[in-house]
Amino acid sequence: MRMSNMFSRTLREAPSGADCKGYEYLLRAGYIKQLGTGIFSLLPLGFRSITKIQNIVREEMNRIGGQEILMPVVNPADIWKETGRYYSIDKEMARFEDRCGRDMVLAMTHEEAVTDLARGEIDSYKRLPLMVYQIQTKFRDDPRPRAGLIRVREFTMKDSYSFDRDQAGLEKIYAAHYNTYFRIFSRCGLPCIAVASDTGMMGGKVAHEYMYLTPIGEDTIITCDKCGYTANRQVATFKKECRKQEMKAIEKIETPHASTIDDLASFLGISPEETCKAVFMVGSFVNDRTGEEHDKLIVALIRGDLEVEEAKLQHAAKANDIRPAHTEEILECGMVPGFASPIGAKTEKFITIVDDSVAYSNNLVAGANEEGFHFLNTNFGRDFQGEVADIASARGGYSCPVCGAPLTSSKGVEIGNIFQLGTKYSDAMNCFFQDEDGRQKPVIMGCYGIGIGRLLACLAEEYNDDSGLKLPIVVAPYQVHLVSLVKDTAIAEKIYQELEDAGIEVLYDDRKESAGVKFADADIIGVPIRITLGNRSLKDGNVEVKLRGTGEVTHYSIDGLKDQILEEIRKEEKKIADNIVEKNL
RNA sequence: CGGAUAAUAGCGCAGGGGUUAGCGUACAAGUCUGGGGGACUUGGGGUCGGCGGUUCAAAUCCGCCUUAUCCGACCA
């Protein structure tokens with residue numbers, strides 16, 4: 001590629017709003033261009049990198065038996081109504097009517113479409129197992145896109161779907177994905193960890209997320225350095241020490257102005273662990289069949305020193321969605337914010353979820369539902385009831401649930417996830433096969449995603465310095481950047497031709513620009529191997545070869561340059577290949 | 001969806017009721033220069049986001065709308 005003919009240009013200054021380095025360089029180097037909030041075009045450089053990532057993904061998916069397909073972005077709403085997600089998913093999914101007034105959606109994932117395909121294909125156990133995948137555009141109307149390609153609305157995703165006759169088969173393909181994902185990310189040069197995760201709206205039971213750890217990440221990951229426990233904070237657990245005592249008689253006391261746990265604890269001269277806090281949320285519950293929706297107050301009871309993890313609470317309450325409650329909604333149920341508990345409240349009007357920290361402690365101080373009053377010695381089971389669950393948020397410093405060592409909290413970006421779906425979709429959409437025993441059984445499914453654009457964004461974040469990007473050669477848009485600084489272009493043209501003929505991907509800076517401009521552009525685009533033709537080395541019949549990654553400089557004779565460059569490419573590729581990660585579940 | 005901020009040349013910014021709206025950079029032409037965003041000269045590029053209002057006069061003040069960014073809620 002001749003730079004004189006390249007579609008994109010570099011920018012001296014970052015467009016305003018580019019808040020993280022990787023994003024800034026992707027914009028300034030001309031890899032991507034924003035069209036709207038969370039909507040980006042890929043320019044030639046970005047598209048080349050994305051294509052390389054996709055090819056790595058393809059190779060690895062094919063390696064574990066995946067068959068590539070392509071499903072439509074536009075889906076008739078009917079299949080989404082079959083699974084109920086037409087109703088349970090809110091504004092995240094774009095919807096429209098076609099010219100005949102049929103409900104249509106822009107598929108934000110493809111469980112419905114693939115299950116429709118599968119029910120037509122799979123009739124016998126003899127056809128199982130199967131696994132298909134696609135690399136395709138998704139649109140999710142995210143309420144808060146940010147950080148360039150990290151969190152967008154339209155994006156490219158690799159999604160694969162597995163079909164098995166039994167759980168053992170599912171676990172096998174799940175394990176294959178588990179390892180393959182490590183191979184994919186490490187083949188791109190991106191370090192990551194797998195964490196136990198929430199299944200969210202996908203349903204199913206077992207799930208892992210692949211996290212690239214970075215301060216700009218929005219997910220919080222809880223890890224144990226000692227035993228290797230890792231989990232997304234949404235599902236992370238920890239050891240709770242609970243105070244077991246003889247139950248004492250409940251007693252109402254005056255606690256003026258003590259409407260927060262801190263005030264209450266200091267007023268009574270006790271620690272927050274001796275109190276019970278009520279957190280109010282309103283859950284939205286949607287009927288999968290009819291789409292009817294109703295709200296109900298959820299009262300989460302948790303020990304005063306802990307915080308509620310909303311994702312856990314939502315699960316425990318089986319709500320489609322939860323939001324903080326308004327004061328009136330709390331009052332309506334007979335509770336007084338600041339001095340609230342379910343004791344004496346209209347318990348039929350709300351759902352009570354009790355964290356096990358409260359259920360297994362005794363004699364906690366709780367609200368008396370009267371301004372300025374609390375109860376001493378309240379006890380779960382005796383004074384109030386509710387469903388017991390773990391709804392507490394794990395924090396750094398808490399005790400590891402496995403080994404008891406202190407947990408660490410870090411930030412990460414989710415670049416992939418794998419789910420064991422089970423029969424949620426096959427049941428809902430009648431995707432059955434006939435087993436050896438002659439019986440109809442639902443196909444057991446799994447689904448597995450990788451955010452391709454987000455992967456590039458993370459790579460840009462991982463591989464940059466003060467001058468620009470320095471992506472690994474396996475994902476860089478070109479392998480070699482040929483910079484000619486001499487007037488006479490004959491030598492450069494000859495080298496360019498020779499390298500191209502050898503199948504090397506060359507970005508050739510044939511522009512009439514000053515040396516400084518060419519170097520600065522080369523640095524920001526970050527092609528891994530830079531060949532410089534200048535009088536300085538040319539007078540000895542040499543060219544200068546500089547590696548973007550390390551800054552290492554070598555001089556090679558023009559004769560036999562092609563072979564030297566091929567060798568450099570091999571060495572760059574080896575840096576990545578030597579560090580391919582394999583991990584078994 | 002709440003809160004905040006903003007929208008002036010491709011990009012980054014200044015101007016803040018009164019001639020023809022500026023600066024840097026980018027762009028075009030020319031001369032010089034030629035190993036780290038080089039110098040000089042000349043030039044082209046703007047319905048100042050949109051609609052409406054106030055005014056003799058609006059890029060500037062006011063209102064509404066749209067769009068974007070950040071924070072929060074949220075996020076498969």
Side-chain angles (χ1 to χ4, degrees), chain A residues 8-20 23-24 27-28 30 33-39 85 88-93 107-112 138-148 150-153 155 157 159 197-204 207-209 217-220 232 234 281-282 284 310-311 314 320-326 413-419 421 424 447-451 454 466-468 483-488 509 511-524 530-539 543-544 546 551 553:
Chain A
S8 63
R9 293 187 301 194
T10 58
L11 293 173
R12 277 200 186 211
E13 285 173 286
S16 59
D19 40 2
C20 54
Y23 176 34
E24 177 187 333
L27 286 169
R28 285 184 51 201
K33 175 89 163 66
Q34 181 170 10
L35 180 60
T37 302
I39 303 176
R85 289 209 291 187
S88 61
I89 295 172
D90 197 24
K91 291 179 181 160
E92 210 82 18
M93 182 157 67
M108 45 197 273
T109 175
H110 280 78
E111 283 75 23
E112 281 79 0
K138 304 273 188 272
F139 182 81
R140 299 181 182 181
D141 200 353
D142 193 300
R144 180 92 163 87
R146 68 160 70 109
I150 298 276
R151 193 169 153 184
V152 292
R153 298 195 293 169
F155 58 98
M157 185 175 192
D159 43 328
S197 79
D198 190 19
T199 52
M201 63 164 286
M202 302 302 293
H208 284 88
E209 289 168 344
E218 294 188 84
D219 282 286
T220 304
N232 193 308
Q234 293 178 331
M281 306 293 290
V282 170
S284 151
E310 290 186 13
Q314 186 177 328
N320 282 74
D321 195 17
I322 58 174
R323 60 163 172 85
H326 302 131
V413 175
E414 181 188 347
I415 45 175
N417 53 38
I418 55 180
F419 290 95
L421 292 174
K424 175 174 167 158
C447 73
Y448 318 85
I450 290 177
R454 187 178 271 188
D466 289 341
S467 317
V483 176
S484 172
L485 300 178
V486 291
K487 265 205 187 116
D488 183 4
D509 197 343
R511 299 173 303 171
K512 290 179 180 55
E513 289 289 350
S514 71
V517 169
K518 290 185 175 186
F519 287 144
D521 281 352
D523 285 346
I524 199 163
R530 189 183 85 192
I531 303 174
T532 310
L533 262 73
N535 292 324
R536 200 184 277 176
S537 52
L538 224 45
K539 65 178 191 295
V543 297
E544 178 192 289
K546 185 172 182 181
V553 176

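Order of the sequence lines fixes the chain letters, A, B, ..., with proteins taken first and strands second; residue numbering starts at 1 for each chain.
- Checking the phosphate oxygens (OP1, OP2) of B:G37, no side-chain nitrogen or oxygen of A:Arg12 falls inside 4.0 Å.
- Base contact: A:Pro143 has a heavy atom under 4.0 Å from a base atom.
- Salt-bridge annotation for A:Glu111 and A:Arg85: present, with a side-chain N of the basic residue lying under 4.0 Å from a carboxylate O of the acidic one.
- Mapping A:Ala147 and A:Gln314 onto RNA chain B via the closest heavy atom, the residue that lands nearer the 5' end is A:Ala147.
- Applying the Watson-Crick and G-U wobble criteria (two distances, each under 3.5 Å), B:C64 pairs with B:G50.
- Relative to the side chain of A:Lys487, the nucleotides B:G35, B:G34, B:C74 differ in distance, and B:G34 lies closest.
- With B:G35, B:C70, B:G37 as the candidates, the nucleotide lying closest to the side chain of A:Leu485 is B:G35.
- Comparing B:A73, B:A68, B:A26 by their closest approach to the side chain of A:Arg9 singles out B:A26.
- A:Ser514 has no side-chain polar atom (N or O) that falls below the 4.0 Å cut-off from OP1 or OP2 of B:G37.
- When the side-chain nitrogen and oxygen atoms of A:Ser16 are compared with OP1 and OP2 of B:G12, one or more of them lie within a distance under 4.0 Å.
- If you find the closest nucleotide of RNA chain B to A:Phe139 and to A:Glu513, the one lying nearer the 5' end belongs to A:Glu513.
- When both distances must be under 3.5 Å, the Watson-Crick or G-U wobble mate of B:G24 is B:C11.
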Using the salt bridge (charged side-chain N to carboxylate O under 4.0 Å, His left out) rule, take A:Arg151 and A:Asp142 through it: C-alpha gap first, then chi angles, then the decisive distance, then the call. CA-CA 8 Å; A:Arg151 193 169 153 184; A:Asp142 193 300; 2.8 Å; yes
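- Within the structure, every side-chain polar atom (N or O) of A:Arg153 is placed at least 4.0 Å from both OP1 and OP2 of B:C75.
- Nearest nucleotide to the A:Glu310 side chain, out of B:A73, B:C11, B:C74: B:C74.
- In this model, a donor atom of one side chain and an acceptor atom of the other lie less than 3.5 Å apart for A:Asp521 and A:Thr10.
- Closest to the side chain of A:Glu544, from the set B:G35, B:C74, B:G37, is B:G35.
- Rounded to an integer number of Å, the gap from CD of A:Gln234 to P of B:C75 is 8 Å.
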